[in-house]
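Take a look at the structure set out below.
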Amino acid sequence: MQDTPKNLDQKRADEKMLVSEMIALYCRRQHKTPKGSLCPECRQLHDYALTRIDKCPFMETKTFCSACKVHCYKPEMREKIRAVMRWAGPRMLPVHPVLSIRHAAVTLWSKREAKKAG
């Protein structure tokens, strides 16, 4: 099934929102920044991640960057985002239950599809 441009824009927006919320939660709890702001390091990671999402050529078919076969992040930034995701992922449920459940469902679906294909 091909995504229409409107669906593709929504998919991009959803992914940006999820990444933004995870980085914000991480920064707020790990770097003790006030809600609504990011430390310089997290701001840099946030801006970089949003740029990568905007430029992703696989947005139509991929689920999340972690499930993508091509990693377009620089190694340093990839390690940073992995650390954020590893820390923030389990803590997102009470903060953003809908985003958390949707992310878990899509992740499970993509793993099942990958297992069928390969």
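In this text, all values refer to a predicted model and were calculated from it rather than measured experimentally.
In terms of hydrophobic clustering, with Ile, Leu, Val, Met, Phe, Trp and Tyr side chains grouped at heavy-atom distances under 4.5 Å, M17 and L45 are assigned to a common cluster. L108 and M85 fall into different hydrophobic clusters, where Ile, Leu, Val, Met, Phe, Trp and Tyr side chains are chained together by heavy-atom contacts under 4.5 Å. Under the 4.5 Å side-chain heavy-atom criterion for Ile, Leu, Val, Met, Phe, Trp and Tyr, I23 and L93 are members of distinct hydrophobic clusters. Taking hydrophobic clusters as Ile, Leu, Val, Met, Phe, Trp and Tyr residues chained together by side-chain heavy-atom distances below 4.5 Å, M92 does not share a cluster with I101.
The two atoms that bring H46 and L38 nearest to each other are CB-CD1, 3.9 Å, heavy atoms only. Contact detail for V84 and M22: the closest heavy-atom pair is CG1-O, 3.9 Å. Considering every non-hydrogen atom in both V19 and A49, the closest pair reads CG1-CB, 3.7 Å.
A side chain to side chain donor-acceptor pair (under 3.5 Å) check over residues 26-36, counting only residues at least two apart or in different chains, returns nothing. The salt bridge (charged side-chain N to carboxylate O under 4.0 Å, His left out) contacts involving residues 44-57 comprise K16-D54, R43-D47, where partners must be two or more places apart or lie in separate chains. Annotation: salt bridge (charged side-chain N to carboxylate O under 4.0 Å, His left out) contacts involving residues 89-105, sequence neighbours excluded, comprise D14-R102.
Ion pairing of K11 with E15 is absent here, as no side-chain N (NZ or NE/NH1/NH2) approaches a carboxylate O to less than 4.0 Å.
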Next item on the list: Decide side chain to side chain contact (heavy atoms under 4.5 Å, CB included) for I81 and Y48; before the verdict, give the C-alpha distance in whole Å, the side-chain angles of both, and the deciding distance to 0.1 Å.
Entry: CA-CA 10 Å; I81 198 72; Y48 182 81; over 6 Å; no
Margin query: Working note: C42 + K80, criterion side chain to side chain contact (heavy atoms under 4.5 Å, CB included); need CA distance, chi angles, decisive distance, verdict.
Written below: CA-CA 9 Å; C42 289; K80 286 181 182 182; over 6 Å; no
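In this structure, the side-chain hydrogen bond (donor to acceptor under 3.5 Å, both in side chains) partners of E21, at least two apart in sequence or on a different chain, are H96. In this structure S37 satisfies the side-chain hydrogen bond (donor to acceptor under 3.5 Å, both in side chains) test with no other residue, sequence neighbours excluded. Shown here are the side-chain hydrogen bond (donor to acceptor under 3.5 Å, both in side chains) partners of R82, two or more places apart in sequence or in another chain: E79.
Between the side chain of R78 and the backbone N or O of H71, no donor-acceptor pair lies under 3.5 Å.
With rounding to the nearest 0.5 Å, the separation of CE in M77 from OG1 in T51 is 9.5 Å. The line from OG of S100 to CG of L18 is 8.0 Å long, rounded to the nearest 0.5 Å.
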